[in-house]
Amino acid sequence: MIKVLVVDDQAMVRAGFAALLDAQPDMEVIGEADNGARAIEIAHARHPDVVVMDVRMPVLNGIDTTRHLMNQPAPVPRVLMLTTFDIDDYVYAAIRAGASGFLLKDALPADLVSAVRVVADGEALLAPTVTRRLIEHFARSAPPRQATAPQLAALTQREREVLVHVAQGLSNNEIADALFISEQTVKSHVSRIIGKLGIRDRVQAVIAAYESGLVAPGA
């Protein structure tokens, strides 16, 4: 059962999201909050698996709330950021803070349900309109280091190949086709990469690949 915390300052929106998710057979909404400070209190007390988080809220916004949740003692929830604004700065800040997904509020209800499952399963999820811009931004956001950076030293050659494809935005199925291996093998490689790099999910793997210099802008 996926335990979900819904955080949004608009009561009707919050209630709608909560009702939709709580109706799913594999989900339980364990709390609702109308601001980030309250969300932190509930998360500390009830340990949700996924926090569905609005970006713009009073008291404490979604990005600062996410940053706080990522720095708390385990278990650390995964955060799915929802917003009405397809604005690059929000996306970059949310992912930097540790969010595992970013979805626009005008997405279909089925997309929200699917997004919660994807994020809960440790995958990354971004609205298609922002995926390429996100990758390009991180490719340029920090001076590239050498691909032999310490955090990559533990990876095998095959794991580095998989990480390159992950950073280029390919799905597991697309990576499997490119490397002539099974999709399950790709999943195993991605899991080991995340474990070896000490990161949370696929989004963080993309960041690590670019910031280490393993993948260069335009590659």
Side-chain angles (χ1 to χ4, degrees), residues 2-8 13-14 16-18 20-21 24 26-33 36 39 43 47-57 61-72 75-138 166-174 187 190-191 193-194 197 199-210:
I2 303 170
K3 296 187 296 182
V4 183
L5 169 60
V6 178
V7 187
D8 196 296
V13 172
R14 188 174 66 249
F17 288 161
L20 171 66
L21 297 174
Q24 307 307 310
D26 58 341
M27 297 182 194
E28 176 189 6
V29 174
I30 54 88
E32 300 178 34
H47 307 297
D49 300 308
V50 176
V51 179
V52 176
M53 183 90 70
D54 190 19
V55 171
R56 301 179 69 175
M57 296 182 295
N61 64 50
I63 293 169
D64 289 338
T65 302
T66 297
R67 189 175 294 112
H68 183 98
L69 291 175
M70 292 304 105
N71 291 325
Q72 74 176 23
V76 176
R78 299 187 184 279
V79 174
L80 174 64
M81 196 73 70
L82 297 182
T83 182
T84 54
F85 303 95
D86 180 12
I87 298 176
D88 290 348
D89 286 348
Y90 287 149
V91 181
Y92 306 150
I95 300 303
R96 280 289 187 194
S100 294
F102 187 96
L103 196 66
L104 299 180
K105 282 186 176 179
D106 61 3
L108 296 173
D111 292 337
L112 174 58
V113 172
S114 176
V116 170
R117 292 189 178 117
V118 167
V119 170
D121 197 38
E123 296 291 335
L125 184 139
L126 299 169
T129 56
V130 303
T131 302
R132 187 63 205 172
R133 299 202 310 272
L134 175 71
I135 291 175
E136 291 175 348
H137 170 79
F138 281 122
V166 169
Q168 292 170 335
L170 274 64
S171 68
N172 285 345
N173 185 58
E174 291 169 333
K187 290 180 180 179
V190 172
S191 179
I193 289 166
I194 289 172
L197 296 183
I199 55 180
R200 288 181 295 276
D201 52 40
R202 205 179 184 98
V203 170
Q204 302 301 314
V206 171
I207 297 172
Y210 277 105

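Throughout, numbering of the chain's residues begins at 1 and tracks the sequence.
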Non-hydrogen atoms of [X] and [Y] that approach each other most closely:
X    : Y    : value
M70  : G98  : SD-O, 3.6 Å
V119 : S100 : CG1-CB, 3.8 Å
A18  : E32  : CB-OE2, 3.5 Å
A99  : T66  : N-CG2, 3.7 Å
A209 : A167 : CB-CB, 3.6 Å

**Q.** side chain to side chain donor-acceptor pair (under 3.5 Å) involving Q72 - partner list, sequence neighbours excluded
**A.** H44
Straight-line distance of [X] [atom1] to [Y] [atom2], nearest 0.5 Å:
X    : Y    : atom1 : atom2 : value
I2   : R78  : CD1   : CZ    : 11.0 Å
L103 : S114 : CG    : OG    : 9.0 Å
R117 : L80  : CZ    : CG    : 13.0 Å
L5   : M53  : CG    : CE    : 7.0 Å
R56  : I63  : CZ    : CD1   : 10.5 Å

Q: Assess whether salt bridge (charged side-chain N to carboxylate O under 4.0 Å, His left out) is satisfied between D54 and K105, documenting all intermediate values.
A: CA-CA 9 Å; D54 190 19; K105 282 186 176 179; 3.3 Å; yes
With the side chain counted from C-beta on, respond yes when [X] and [Y] share a heavy-atom pair under 4.5 Å apart, and no when they do not.
X    : Y    : result
V6   : L21  : yes
V166 : V206 : yes
V7   : T65  : no

Q) Counting N and O atoms only, with roles assigned by atom type, does the side chain of D49 sit under 3.5 Å from a partner on the main chain of K3, one being a donor and the other an acceptor? A) yes
Q. Is the side chain of R67 donor-acceptor paired with the backbone N or O of A97 at a distance under 3.5 Å, no angle test?
A. no
**Q.** side-chain contact (heavy atoms from CB on, under 4.5 Å) involving A208 - partner list, sequence neighbours excluded
**A.** L197
Q) What pairs with E174 under side-chain contact (heavy atoms from CB on, under 4.5 Å), at least two apart in sequence or on another chain? A) L170, S171
(Q) Apply side chain to side chain contact (heavy atoms under 4.5 Å, CB included) to residues D8 and L82 and explain how you reach the verdict. (A) CA-CA 9 Å; D8 196 296; L82 297 182; 6.0 Å; no
